[in-house]
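First listed ligand is number 1; within each ligand, the first listed atom is number 1.
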Amino acid sequence: MATNRTFTMLKPDATAAGNTGKIIDRMIDAGFAIKAMKWTQLSKTQAEAFYSVHAERPFYGELVEYMTSGPVVAMILEKDDAVASFRELIGATNPAEAAPGTIRADFAESISANAVHGSDSDDNALIEGRFYFSEREEA
Ligand code: IDP
Ligand code: MG
């Protein structure tokens, strides 16, 4: 059953470009409530662990290097059908293929530096949220 929470990260291209406020506004305007938020920096070990599901993919090394190149903003968000609704809001992985008006269409630089992460399942939303936040830190 779909739960009402998902996890997102604003990626280093978004923080470097000063787009964090604009992107967070998009999320709030789309009806997502912020339940936890943290501006932080991933170490190589942490980025490798967060993206371990992609360890065998050809872009894994590039992804880890990119995700450690600057600060990220980690957030737990709440809305009905949060995972699917949020994936719709951010658009396709490759900004060239992202639907007009989606966050990636408007803010992503490339398929790698694509502005935001969005969990792909309820199970991963919980795992990824707990990667950054304890239960006590979640509103
Ligand atoms: P998603 O973020 O839309 O769920 P995934 O396939 O889970 O996409 O890939 C995780 C992240 O890895 C992407 O958001 C992007 O930053 C990066 N990535 C995915 N595919 C490529 C690629 O072909 N080249 C470089 N980086 C990629
Ligand atoms: Mg994914």
**Asked** For atom 20 (N) of ligand 1, which candidate among F59, Y66, Y60 provides the closest heavy atom?
**Response** F59
**Asked** Are F7 and I34 connected, step by step, through hydrophobic side chains (Ile, Leu, Val, Met, Phe, Trp, Tyr) whose heavy atoms are closer than 4.5 Å?
**Response** no
**Asked** What atoms in ligand 1 come closer than 4.0 Å to a heavy atom of S112?
**Response** 15 (C), 16 (O), 25 (C), 26 (N)
**Asked** Is there a donor-acceptor pair under 3.5 Å between the side chain of T102 and the backbone N or O of L89?
**Response** no
**Prompt:** What protein heavy atom sits nearest atom 3 (O) of ligand 1, and how far away is it?
**Reply:** T93 OG1, 2.5 Å
**Message:** Taking a cutoff of less than 4.0 Å between a non-hydrogen atom of the residue and any ligand atom, is D120 in contact with ligand 1?
**Reply:** no
**Asked** Would I24 and M37 satisfy side-chain contact (heavy atoms from CB on, under 4.5 Å), going step by step from the backbone distance to the final call?
**Response** CA-CA 11 Å; I24 291 168; M37 180 158 75; 4.0 Å; yes
**Asked** Cluster question for you: counting only ILVMFWY and a side-chain heavy-atom cut-off of under 4.5 Å, with indirect links fine, are F133 and Y51 together?
**Response** yes
**For atom 10 (C) of ligand 1, closest protein heavy-atom neighbour** = H54 NE2, 3.5 Å
**Heavy-atom nearest neighbour in the protein, as seen from atom 17 (C) of ligand 1, with distance rounded to 0.1 Å** = L63 CD1, 3.7 Å
**Request:** Give the single entry among R57, K11, R104, R87 that approaches atom 6 (O) of ligand 1 most closely by any heavy atom.
**Result:** R57
**Message:** Taking a cutoff of less than 4.0 Å between a non-hydrogen atom of the residue and any ligand atom, is H117 in contact with ligand 1?
**Reply:** no
**Fill in**
Closest heavy-atom pair, T6 versus A125, reported as atoms and distance to 0.1 Å, is CA-CB, 3.8 Å
**Proximity winner for atom 13 (C) of ligand 1, if only heavy atoms of V116, N124, V64, N114 are counted** = N114
**Message:** Students should be able to answer this: which protein heavy-atom is nearest to atom 15 (C) of ligand 1, and at what distance?
**Reply:** I111 O, 3.2 Å
